[in-house]
Number of protein chains: 2
Amino acid sequence: MSRAIRRSTVSKTVPEPPEAPLLPVPGLDYGVLDELLGYALRRAQNALYLDFYRATADLDVSPQRFAALVLVGRNPGMRQGLLAQAMGLHRSGALRLTDWLTDRGWAERRDDAEDARRWGLHLTATGKRKLALLERRVRDHDQGLMRGMGDHAARLKADLERLATVAAAAAAALEESK
Amino acid sequence: MSRAIRRSTVSKTVPEPPEAPLLPVPGLDYGVLDELLGYALRRAQNALYLDFYRATADLDVSPQRFAALVLVGRNPGMRQGLLAQAMGLHRSGALRLTDWLTDRGWAERRDDAEDARRWGLHLTATGKRKLALLERRVRDHDQGLMRGMGDHAARLKADLERLATVAAAAAAALEESK
DNA sequence: TATTGTTATACTCTATAACTATA
DNA sequence: TATAGTTATAGAGTATAACAATA
């Protein structure tokens with residue numbers, strides 16, 4: 001592959017957040033939606049996304065990009081393909097995500113000693129500073145949500161982790177039975 | 001506004017699902033992500049979306065469009081603006097969503113008796129049949145997830161509803177303090 | 001003047017398919 | 001041949017801004 005400098009065509013901003021939270025509108029009949037675990041999850045996810053967006057508005061990231069920054073920071077030298085796998089993305093998506101980080105000077109690609117097809121991803125000094133700042137902000141903010149959930153916070157987190165594996169197993173079973 | 005027949009430029013298919021679930025990759029260090037309620041929620045949401053997509057693959061809907069169908073079915077005559085509000089969308093998004101439903105002959109716009117600026121949204125007979133089929137499928141499927149969560153299912157749903165309001169309040173407070 | 005819905009546009013996000021270099 | 005990454009493209013999703021009709 002060409003190791004020449006590439007021109008990346010990556011987004012310049014963070015995506016627009018939802019217009020408004022998805023909270024129940026008084027007087028509307030939600031029918032079956034009110035019974036569904038999936039819809040409750042969607043409502044919560046929507047509210048948290050909006051909240052994350054506002055809490056980090058000045059730092060120019062998205063939840064996904066924050067996650068990528070953490071992963072590269074914690075696993076220096078990781079390949080793009082592994083980043084894709086960890087984030088549930090196609091290879092081409094991991095490329096764009098990496099480009100976004102390198103365009104800002106937060107990460108860089110280095111040659112992989114074992115396999116010349118691969119890159120090793122590393123944070124720059126700037127990236128490390130940015131990550132430290134972001135981690136503090138995001139953690140504080142998340143802890144605020146946890147406080148709001150009181151003594152249900154820990155069990156909610158555990159239940160969500162279990163739900164993710166339950167749903168993934170269900171999806172895999174459907175894929176299988178095709 | 002023109003009540004002439006419009007040419008809708010709406011998508012023909014359902015969006016591509018994530019490439020793969022976001023489950024933890026063994027051997028990777030997730031750092032702070034493993035501590036965050038928000039990341040646990042993201043993992044669950046990702047898995048459920050993929051699962052919904054596969055469970056309804058033959059029915060050509062997305063979670064959002066399913067929700068719109070339920071809302072219009074349950075609240076006949078509702079305005080587009082109200083649909084936007086209920087779904088956390090901009091007006092222009094509700095327009096596209098409505099176009100999508102009308103293009104398929106599942107819903108129709110009728111004049112609003114009280115205000116000539118508004119449309120009243122209604123399901124067609126076809127839309128009602130489709131909705132009945134979808135509701136059965138989605139409910140069965142959601143109950144499968146609930147069964148997988150055992151006796152934690154009800155409390156998880158309640159916790160998620162509370163989390164949505166906690167996060168929405170936090171987001172509103174941030175918006176306020178700007 | 002404000003509101004409802006529309007139009008036109010811009011931008012992001014993701015995947016697919018074909019390609020190059022390397023294993 | 002298979003894999004890692006790249007390129008080019010197509011399709012989806014959302015919002016913004018300006019506009020017409022109506023209140």
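In the text below, chain A, chain B and the rest are named by the order of the sequence lines, each starting its count at 1. If you're wondering where the values come from, they're calculated on a predicted model, not measured in any experiment. Values below: all heavy atoms of this structure, side chains included; hydrogens, waters and symmetry mates excluded.
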Rounded distance in Å - CZ (A:Arg117) to P (C:dA23): 7 Å
Hphob cluster co-occupancy, B:Leu101 + B:Leu89, side-chain heavy atoms under 4.5 angstrom: yes
Short side-chain N/O contact to C:dT14 OP1/OP2 from A:Gln64, under 4.0 Å: yes
Whole angstrom value for the distance that separates P of C:dG5 from CD of B:Gln85: 12 Å
Phosphate OP1/OP2 of C:dT12 contacted by A:Trp100 side-chain N/O (<4.0 Å): no
Given D:dT7, D:dT16, C:dG5, the nucleotide with the shortest approach to the side chain of B:Gln80: C:dG5
Rounded distance in Å - CG (B:Leu89) to C1' (D:dT14): 8 Å
5'-most by nearest nucleotide on DNA chain D - A:Leu82 or B:Gly93: A:Leu82
Spacing of B:Tyr53 atom OH relative to C:dT14 atom C1', expressed in whole Å: 12 Å
Earlier contact from the 5' end, DNA chain C, for B:Ser92 and A:Glu114: B:Ser92
Touch class at under 4.0 angstrom, heavy-atom based, for A:Gly81 against every strand present: sugar-phosphate
Phosphate OP1/OP2 of D:dG13 contacted by B:Arg65 side-chain N/O (<4.0 Å): yes
Whole-Å distance separating the OH atom of B:Tyr49 from the P atom of D:dG13: 8 Å
Distance test, side-chain N/O of A:Arg96 to OP1/OP2 of D:dT9, below 4.0 Å: no
ILVMFWY cluster, B:Leu33 and B:Leu37 together (side-chain gap under 4.5 Å): no
Atom pair distance, as rounded to whole Å: CZ in A:Arg79 and C1' in C:dT22: 14 Å
A:Tyr30 six-ring centre to A:Arg42 NZ/CZ under 6.0 Å and within 45° of normal: no
Distance test, side-chain N/O of B:Arg109 to OP1/OP2 of C:dT6, below 4.0 Å: yes
A:Asp111 CG - C:dT22 P separation (whole Å): 11 Å
Listed nucleotide nearest any side-chain atom of B:Trp119, set C:dT6, D:dA4, C:dT4: C:dT6
Listed nucleotide nearest any side-chain atom of A:Arg118, set D:dG5, D:dT16, C:dA23: D:dG5
Six-ring centre of A:Trp100, A:Arg96 cation under 6.0 angstrom, axis tolerance 45°: no
Distance-only donor-acceptor test, B:Arg91 side-chain atoms vs C:dT4 base atoms, 3.5 Å: no
Hydrophobic cluster membership, A:Met87 vs A:Val10, 4.5 Å side-chain cutoff: yes
Integer-rounded Å distance: D:dG5 P and A:Met78 CE: 10 Å
